[in-house]
Amino acid sequence: MKIATWNVNSIRSRQAQVIDWLQRTQVDVLCLQETKVVDAQFPRSLFEELGYYLYISGQKSYNGVAIFSRKPATDVSMGFAAVLDTAQVGDLDEQKRVISATVDGVRIVNLYVPNGASVNSEKYDYKLRWLKILRDYLHSILEEQSHELCVCGDFNIALEDRDIHNPKGKEKHIMASPVERQALQSVLDLGLGDAFRKFTKEGGNFSWWDYRTRAFRGNRGWRIDHIYLTPNLYNQAISCTIDIEPRKLDKPSDHSPVIVNL
DNA sequence: ATGGCGTTCCTTGAACGA
């Protein structure tokens, strides 16, 4: 079973590239982030014609997540409030960043973690608050359900220095500051393993490159898109790769897809 | 470098991303 995650930076702008990629890779499940479209305007038909079932949670202009699956999924849920008390979730479901579904006994959680703007900004506080609730959310799922978990998406955090082309100044940099790294680590301490790092130890492997500085040409990237697995799935994993081919195309997303083969 | 690029919107520049 192949599961992929890809921040497409607008599904309407990237539709043709995603179609081509699905035809080439034939993944069983594709988790998308930053679809940037309300559900009623999501371009469903070409993906459905390819044989995928679509589960989407979008909003106007910003954020938005989706799960495409070759097999029908069960127990599809949107947002933290599907699991946690609404009082605890507060305003955190207003931005569409969480969708979950079960495929072939695997509970897939697809996340678009807030970017955080800059360290110690209001949005940074929101990111940390969001990661705290994410921990509670995953903790509840692990306690109350017996599913194996695949937690994937755009985390907007490079956990280690080898995940950044140049870690100089990282303490003050969004996506690498110690507090947000610790917040993610605390989520992973629930018992999740990084599928990519099971197979690849070297630095220089990235999933995002800034549009603005021709960063891709010099491979000045960050590894911020992740696939995390509970122990049994982690042990089962056969491969986990980042496909940089779509990043080479004209008008690409700034992120590349990550694929795990279970 | 409050910089560079790309996407969205009741657009004509601003907000946001990372």
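Note that the coordinates shown come from a computational prediction; the quantities given were computed from them, not determined experimentally. What's counted below: heavy atoms across the whole structure, side chains too, no hydrogens, waters or symmetry copies. First the proteins, then the strands, lettered A, B, ... as listed; each starts at 1.
By the side-chain contact (heavy atoms from CB on, under 4.5 Å) test, A:L50 is found to be paired with A:I19, A:L22, A:Q23, A:Y52, residues two or more places apart in sequence or in another chain being considered. The side-chain hydrogen bond (donor to acceptor under 3.5 Å, both in side chains) search around A:R97 returns A:N63, A:Q95, not counting sequence neighbours. Partners of A:E245 under the side-chain hydrogen bond (donor to acceptor under 3.5 Å, both in side chains) rule, at least two apart in sequence or in another chain, are A:K248. Applying the side-chain hydrogen bond (donor to acceptor under 3.5 Å, both in side chains) test to A:S207 and every residue at least two apart in sequence or in another chain returns A:D225. Considering only residues two or more places apart in sequence or on other chains, A:R44 meets the side-chain hydrogen bond (donor to acceptor under 3.5 Å, both in side chains) condition with A:E48.
The gap from the P atom of B:dA15 to that of B:dG4 amounts to 15 Å, rounded to the nearest Å.
One finds a salt bridge joining A:D163 and A:R197 here, because a Lys/Arg side-chain nitrogen approaches an Asp/Glu carboxylate oxygen to under 4.0 Å. The pair A:D28-A:K71 fails the salt-bridge criterion, with no side-chain N (NZ, NE, NH1 or NH2) lying under 4.0 Å from an Asp/Glu carboxylate O.
In this structure, A:L249 shares a hydrophobic cluster with no other residue, the cluster being traced through Ile, Leu, Val, Met, Phe, Trp and Tyr side chains under 4.5 angstrom apart.
With a 4.5 Å cut-off on side-chain heavy atoms, A:I242 and A:R223 count as touching.
Sorted by first then second residue, the side chain to side chain donor-acceptor pair (under 3.5 Å) pairs that include residues 167-178 of chain A, not counting sequence neighbours, are A:Y124-A:S177, A:D161-A:K170, A:S177-A:E180.
Without hydrogens or angle criteria, A:K198 side chain to A:N235 main chain gives a donor-acceptor distance under 3.5 Å.
Near DNA chain B, defined here as any heavy-atom distance below 4.0 Å, there are no residues from residues 177-184 of chain A. Listed in residue order, the members of residues 240-258 of chain A having a heavy atom less than 4.0 Å from DNA chain B are A:K251, A:H255. For DNA chain B, the residues of residues 152-175 of chain A within the heavy-atom distance limit of 4.0 Å (strictly under) are A:D154, A:N156, A:M175, sorted by number.
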inquiry  = Walk along nucleotides 8-15 of chain B from 5' to 3' and tag each nucleotide B, S or - by protein heavy-atom contact under 4.0 Å, base first, then sugar-phosphate.
reply    = SSS-----
Heteroatom pairs (N/O) under 3.5 angstrom, protein to nucleotides 1-3 of chain B:
none

